[in-house]
Protein chains: 2
Amino acid sequence: MRIGEVARKTGVKAETIRFYEREGILTAPPRTRSNYRDYGPDEAATLTFIRRARDLGFSMPDVRELLELSNEDDRSCAEVDSLARAHLDQVERKIAALQVMRDELSRMIASCEQYTISDCRIIDNLAASHGP
Amino acid sequence: MRIGEVARKTGVKAETIRFYEREGILTAPPRTRSNYRDYGPDEAATLTFIRRARDLGFSMPDVRELLELSNEDDRSCAEVDSLARAHLDQVERKIAALQVMRDELSRMIASCEQYTISDCRIIDNLAASHGP
DNA sequence: ATGCACCTTGTAGCCACTACAAGGTCAAGC
DNA sequence: GCTTGACCTTGTAGTGGCTACAAGGTGCAT
């Protein structure tokens, strides 16, 4: 399978696949006579794994770790669990931070009555801090 | 006021202030005899403005726009409003995306019973797609 | 033979900083 | 007067995770 096909099947762009190879995340596949990368189903599965982990927001270092762990069948999955929990924690923190932003933005926008800049509550809010 | 003091007062690090100057976001202040940057209260106010906008998640291009608009007192603040609304929209999208991640991560973590990798529901989930 | 989609390599760019190196300046303390 | 240490200067390179582009080679249908 050439890179374009595996890209379509896994949802990982060809450029990104080459990037993963350069970075050592994906092992280099064999080449055809004309020097094209020739992928098998295993590589496609790995790429799907990577893409799902990335979609869930795992960092590339985390993905590397998950990939390594996924090959050690006999090992306890406690590490996987703890990695996932740590990541969930980060995601929750990020949500909380964004909710603070959202609430403040909403408040600012609601307070603006759309006259001139000199009356603009949004600009006011940005210019001054809240406390004394 | 030297860069360190204005950094403390505005919460923008000295390195970042120099970076903003290089990028043309902040105009270069006069220098002392010993070539140190010498800031006045206006620059501090601008930096506070930038920091608050950044804390609210506005991009640097947005911040530039907001800074320019904030100097045009007579203009309608409709543009400010629309910029803020567009950004709020982005923030809400980001929250929604992260909530999807969070829910899926929670589900995965809850389904794992912490035996070996070969039984691990988390690894399973990453390896296979959901649909048939 | 021609066109077009696909592939190859390498390099540079994105965002918003952040880190570091190598050196200059200034006030306080001895 | 000399040292110490905090502060400042410039410039360059690194972060993450790709993405875009240039310049050229390959494969297949018409």
Side-chain angles (χ1 to χ4, degrees), chain A residues 1-26 28-40 43-44 46-47 49-67 86-87 90-91 94 97-98 101, chain B residues 1-26 28-40 43-44 46-67 87 90-91 94 97-98 101:
Chain A
M1 197 164 35
R2 295 195 301 192
I3 200 167
E5 192 180 345
V6 77
R8 271 188 300 279
K9 280 191 179 154
T10 62
V12 182
K13 291 185 186 174
E15 294 93 334
T16 308
I17 298 173
R18 283 191 284 259
F19 167 74
Y20 287 162
E21 183 182 317
R22 276 205 301 288
E23 298 292 299
I25 293 148
L26 196 68
R31 301 290 184 119
T32 65
R33 262 161 303 171
S34 51
N35 199 32
Y36 289 2
R37 287 171 181 81
D38 189 18
Y39 294 99
E43 282 101 335
T46 302
L47 282 167
F49 185 104
I50 295 173
R51 200 176 80 82
R52 280 188 52 69
R54 295 287 303 138
D55 284 353
L56 286 168
F58 285 99
S59 68
M60 287 311 302
D62 279 0
V63 172
R64 274 178 206 268
E65 188 98 26
L66 288 169
L67 277 171
H87 177 51
Q90 286 301 303
V91 170
K94 206 171 273 181
L98 284 167
M101 281 186 203
Chain B
M1 198 165 35
R2 295 195 300 192
I3 200 166
E5 193 181 344
V6 76
R8 272 189 299 280
K9 279 192 180 155
T10 62
V12 182
K13 291 183 185 173
E15 293 93 333
T16 308
I17 297 173
R18 283 191 284 259
F19 167 74
Y20 287 162
E21 184 183 317
R22 275 205 302 286
E23 298 291 299
I25 293 150
L26 196 67
R31 300 291 183 118
T32 66
R33 264 161 303 171
S34 51
N35 198 31
Y36 289 2
R37 286 171 181 82
D38 188 18
Y39 294 99
E43 282 101 336
T46 303
L47 282 167
T48 300
F49 185 103
I50 295 172
R51 200 176 80 83
R52 279 189 53 69
R54 294 287 304 139
D55 283 354
L56 286 168
F58 284 99
S59 68
M60 286 313 300
D62 279 1
V63 172
R64 274 177 205 268
E65 189 99 26
L66 288 169
L67 278 171
H87 176 52
Q90 286 300 303
V91 170
K94 207 171 274 180
L98 284 167
M101 281 186 203

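As a basis for the values below, the full set of heavy atoms in this structure was taken, side chains included, without hydrogen atoms, waters or symmetry mates. Naming convention: chains lettered A, B, ... in sequence-line order (proteins, then strands); numbering from 1 in each chain. Everything quoted here is computed from the prediction, not taken from an experiment.
- Going from atom NZ of B:Lys94 over to atom C1' of C:dC15 covers 11 Å, rounded to whole Å.
- For the pair A:Phe19 CZ and C:dC7 P, the computed distance is 19 Å after rounding to whole Å.
- Within the 3.5 Å criterion, the main-chain N or O of A:Val6 finds no donor-acceptor partner in the side chain of A:Arg2.
- In this structure, A:Arg54 reaches the sugar-phosphate backbone alone: every heavy-atom distance under 4.0 Å involves primed, P, OP1 or OP2 atoms, never a base.
- Under the side chain to side chain donor-acceptor pair (under 3.5 Å) criterion, the residue pairs touching residues 13-23 of chain B are B:Glu21-B:Arg37, with sequence neighbours excluded.
- Listed for the B:Asp38 side chain is no donor-acceptor partner under 3.5 Å among the backbone atoms of B:Arg31.
- Distance A:Ile17 CD1 to C:dC6 P: 14 Å, rounded to the nearest Å.
- For the contact set between residues 29-38 of chain B and DNA chain C, defined by any heavy atom under 4.0 Å, the members are B:Ser34, B:Tyr36.
- Distance CZ (B:Arg2) to P (C:dG24): 17 Å, rounded to an integer number of Å.
- Residue-level contact check: A:Phe58 touches neither bases nor backbone, having no heavy atom under 4.0 Å from any strand.
- The nucleotide range of DNA chain D contacted by chain B, defined by atoms under 4.0 angstrom from heavy atoms of the protein and reported 5' to 3', is D:dC7 to D:dT10.
- A residue-by-residue look at B:Pro61 and A:Glu21 shows that A:Glu21 has its nearest nucleotide of DNA chain C further toward the 5' end.
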